[in-house]
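The block underneath contains the structure these notes are about, expressed in structure tokens.
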Amino acid sequence: MFEVKTRDGLARIGRLATRHGVLETPTLLPVVNPRRMTLSTAEIRDCGASGLITNSYIISRHEELRERALAEGVHTLVEWEGPLMTDSGTFQSHVYGDVEIEPQAIVEFQRDIGSDIGTVLDVFTEPEFDAGRAESELAETQARIEAAVPLKGEMLLAATVQGGIHPELRERAASLVSGTESDVHPIGGVVPLMEQYRYGELAGLILAAKRALVPSRPVHLFGCGHPSLFALATLLGCDLFDSASYAKFAADGRMMFSWGTRRLAEMQELPCGCAVCSATTAAELQALPDDKRERQLARHNLLVSFAELRQVREAVRGGQLWELVVARAAGRPEVADALVALEAEGEWLEKWEPAFRPQQPTSAREPLRRFVQDRLHHAKTSSECYDHPFFGAIDQELADTAPLRPPGNVRQRSWTPERVHAIASYQFGSAAADALLKGDVELVTSRNTGRLRNVIVDGEHRLSLSARHGLFTLRAAGACVIHATCAAPQHRVVVHADSAEFNRQGRNAFCKFVLECDQELHCQDECLIVTESDELVAVGKLKVAPVEIALGQQGLAVKVREAV
Ligand code: GUN
Ligand code: ZN
């Protein structure tokens, strides 16, 4: 149902299949209130939405809406043919103190009106509640989730993580919901934190949940609708957002931007290229009648939100999301608070760091710094060093290798066995590098560009160079050398015998067949596929973090390059 297409740390681009089409994540589901639509659903679609969320509690409490939804379906009711999520009334209980609905009845109602993704009636734990109250409410939410699962039918079920502001309870809640047969995991109870701009705490709570959430299901951040938060929330591993903010801000005369919020009344110019702003002026917008102005501001708010999401997704694809969050933090000090909170999580975040990214990092950050220090520690460095702005002293031989290449400075160095050794040592450790280069070394370079292509040792093709990243890929002969030199579990992904059969024929390995994994490996590392008796069957590139496999990820694990 949910397939992760691209990842960068905790962030991912995914595809969530629903009965009414696919959601490409991360994305925003704008809230439509069936009793008061600021914009028509067609207008919302034209602003870039591919899915919506509406409130089943409001529908169920309104006789005419309820009967129409039951007779014609909720899609017809809100005139929407795409993916449609419903919420349950939990938010109303937060606002009004109570709701008049039974937890199981609202799940059945969402199923019966044809919702694609229905939500349990979770208990909204307020930030001020102490750990004791948060814990008993968490138990009630979990009981409601377990009672909802048998009722969901064809509907995807959103099972919310609560736990208040207590990280250990968030982690426990995440572990409990992951154990149920539900499909989407919202982080709930965080609207007050967002309203109070407590982003540092918010980041800590999301990460606490992510420590135990099964990564094969999408994570929804309830009530996150400000474009300035999308980059940060995606960096923390959230996939879906929903909010009525675009309409609420518009009703209040406020315009949202990726860098903050402004009152239209206080603006002389519109610093925005959206379809609304490029066709009018601040003065013209200010002069519109109230209802027309509200609609134009709502359109602007949505257009800006979807433009930001496109930018976030491109940043994930390019490995530049952290840089985008840093840019957003420049406009919103609260986003910077969250980045500070992440420093304390460096040890765990390091496990999610990819071995290299499509683009070079242009900002320092704790998880990446830790990763690099750890790799350099295993490498045997010699010769001259240069001073990298984020990583400190780096061996000259590694100056064209990702992610150690200094920003903006690409130099051509000649290829020598020493340079090959330095890179192999950085990637595989010094013992493996010694063994890989022991013998008669031949460096095959391109006649036109002088770039290294292949490393042949004693007539065996052991390594190829990926010129773009300055890193080696392992060939079968190289894998055999590492296998013979480095003891298990180093560099290894242990697969079930059923998988080994296929991997031996050059086919890829999937997470569900992985029995064990070297925890020192990172996503994008070269790895050896072995059987339980440590028989080498193939070599390839790891496409997930070992921690992700341990948490229950599905899909591709190792892209096999060569069978052995
Ligand atoms: N909308 C905003 N916050 C919440 C929450 O915690 N639970 C549910 N179900 N909906 C919400
Ligand atoms: Zn605009």
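Indexing begins at 1, ligand by ligand and atom by atom, following the structure's order.
Checked against a 3.5 angstrom limit, the closest N/O atoms of D122 and ligand 1 fall inside it. Looking at Q162 next to ligand 1, an N or O pair under 3.5 Å apart turns up.
Here CG of L221 is found 10.0 Å from CG of L240. Values are rounded to the nearest 0.5 Å. The line from CG of L84 to CD of Q110 is 10.0 Å long, rounded to the nearest 0.5 Å.
Here the N, O or S atom of H300 that is nearest to the Zn ion (ligand 2) is ND1.
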List the steps, then state whether salt bridge (Lys or Arg N to Asp or Glu O under 4.0 Å) holds for R310 with E314.
CA-CA 6 Å; R310 291 194 293 275; E314 270 299 283; over 6 Å; no
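Residue-ligand proximity: H94 is placed with every non-hydrogen atom at 4.0 Å or more from ligand 1.
Closest heavy-atom contact between D8 and L321: OD2-N, 4.3 Å. In plain terms, the two heavy atoms of L556 and C511 that are nearest each other are O-SG, 3.8 Å.
Which parts of ligand 1 touch G188 is read off a 4.0 Å heavy-atom cut-off, strictly below it: atoms 5 (C), 6 (O). Atoms of ligand 1 found under 4.0 Å from any heavy atom of V191, numbered from 1 in the order shown, are 2 (C), 3 (N). Set against the non-hydrogen atoms of G189, the atoms of ligand 1 under 4.0 Å away are 5 (C), 6 (O).
With hydrogens left out, the protein atom closest to atom 8 (C) of ligand 1 is F222 CE1, 3.3 Å, a heavy atom. Distance from atom 3 (N) of ligand 1 to its nearest protein heavy atom, with residue and atom name: F124 CE1, 3.4 Å. Counting only heavy atoms of the protein, atom 10 (N) of ligand 1 lies nearest to D87 OD2, 2.6 Å.
Between R133 and E137 there is a salt bridge, since at least one side-chain N of the basic residue sits less than 4.0 Å from a carboxylate O of the acidic one.
Geometric assessment of R217 against the ring of F2 yields a negative cation-pi assignment under the 6.0 Å and 45° thresholds.
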